[in-house]
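Here's the structure we're looking at; comments come further down.
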Amino acid sequence: MSDLLPYKNYNGTVEYSKEGQCLFRKVVGIKSLLSYEGNSVQKLEQDFQNGIDEYLADCKERNIEPEQPYKGTFNVRISPELHRNIAVCAIEYGKSLNAAVEEAIRNMVRA
């Protein structure tokens, strides 16, 4: 599992550049490119938070909705056999396919 920087419902990753002698990366879960860097963990976190704050301020100034990561919908590709099995399981438990998949994911995330 990778460490993520959380801030205001956004998450950023962390990587190290030996060549640049700095930590860097980008915000994940949105299409806009929001990147940040720093030569210490504290500076990286501060640049990350400043980037999010600037992005949100820019969206407000331009009167546009900022992208929200993890809207709650996504496409998943699975084998036809697994698709059939989860669909049958959902029917047997009186649930929708979405509810069954959500429950399976919730159980995995708790583990």
Side-chain angles (χ1 to χ4, degrees):
M1 187 180 287
S2 173
D3 287 335
L4 293 175
L5 296 173
Y7 184 66
K8 294 186 177 179
N9 291 324
Y10 293 88
N11 289 297
T13 59
V14 179
E15 288 188 34
Y16 173 69
S17 168
K18 186 174 182 177
E19 182 179 296
Q21 294 291 301
C22 69
L23 300 165
F24 71 99
R25 207 51 182 129
K26 66 176 188 163
V27 175
V28 294
I30 61 174
K31 292 178 185 175
S32 296
L33 178 60
L34 302 179
S35 59
Y36 47 90
E37 65 179 57
N39 57 10
S40 70
V41 172
Q42 293 79 14
K43 288 184 180 180
L44 179 79
E45 287 186 34
Q46 188 61 55
D47 197 44
F48 168 64
Q49 292 174 0
N50 289 344
I52 296 295
D53 290 340
E54 289 171 12
Y55 170 69
L56 295 173
D58 183 56
C59 288
K60 186 175 183 178
E61 183 179 304
R62 295 170 47 202
N63 200 28
I64 61 171
E65 281 293 315
E67 287 183 67
Q68 295 299 314
Y70 316 114
K71 296 174 185 161
T73 61
F74 61 97
N75 293 324
V76 179
R77 289 176 185 82
I78 58 176
S79 71
E81 181 181 8
L82 183 56
H83 188 172
R84 182 179 55 256
N85 289 344
I86 189 71
V88 169
C89 186
I91 292 166
E92 289 175 349
Y93 283 91
K95 297 181 179 201
S96 69
L97 180 58
N98 281 343
V101 170
E102 182 176 355
E103 183 178 328
I105 293 170
R106 192 178 310 279
N107 288 335
M108 183 177 182
V109 171
R110 281 190 203 137

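Small disclaimer: the values here were computed from a predicted structure and weren't measured.
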Per the salt bridge (charged side-chain N to carboxylate O under 4.0 Å, His left out) rule, what does the pair list look like for residues 88-100, sequence neighbours excluded? Lys95-Glu103

Gap separating the CE atom of Met108 from the CD1 atom of Ile105, nearest 0.5 angstrom: 9.0 Å

Step-by-step side chain to side chain contact (heavy atoms under 4.5 Å, CB included) determination, Leu44 to Leu5: CA-CA 9 Å; Leu44 179 79; Leu5 296 173; 3.9 Å; yes

Output for pair (Thr13 OG1, Arg25 CZ), nearest 0.5 Å, gives 4.0 Å

Could you tell me whether the side chain of Ile52 reaches within less than 4.5 Å of the side chain of Leu34, counting heavy atoms only? yes

Tell me, which pairs form a salt bridge (charged side-chain N to carboxylate O under 4.0 Å, His left out) where one or both residues lie in residues 29-55, sequence neighbours left out? Lys8-Asp53

Using residues 81-88 as the side-chain source, report each donor-acceptor pair under 3.5 Å to any protein atom, sequence neighbours left out, with the distance given to one decimal.
from  : atom 1 : to    : atom 2 : distance (Å)
Asn85 : ND2    : Glu81 : O      : 3.4

Considering only residues two or more places apart or on different chains, which pairs with a residue in residues 33-64 satisfy ring pair (Phe, Tyr, Trp, His ring centres under 6.0 Å)? Tyr36-Phe48

For Asn9 versus Pro69, what's the shortest heavy-atom pair and its separation? O-CG, 3.2 Å

Ala90 versus Ala100, closest heavy-atom pair with distance: CB-CB, 3.7 Å

Please list, chain by chain and in numerical order, all residues satisfying ring pair (Phe, Tyr, Trp, His ring centres under 6.0 Å) with Tyr10, sequence neighbours excluded. none

Determine whether Ile91 and Tyr93 fall in the same hydrophobic cluster, where Ile, Leu, Val, Met, Phe, Trp and Tyr are linked whenever their side-chain heavy atoms lie under 4.5 Å apart. no

Just to verify, what does Ile64 make a side-chain contact (heavy atoms from CB on, under 4.5 Å) with, not counting sequence neighbours? Cys59, Arg62

Given Glu102 and Asn98, is the side chain to side chain donor-acceptor pair (under 3.5 Å) satisfied, shown in steps? CA-CA 6 Å; Glu102 182 176 355; Asn98 281 343; over 6 Å; no

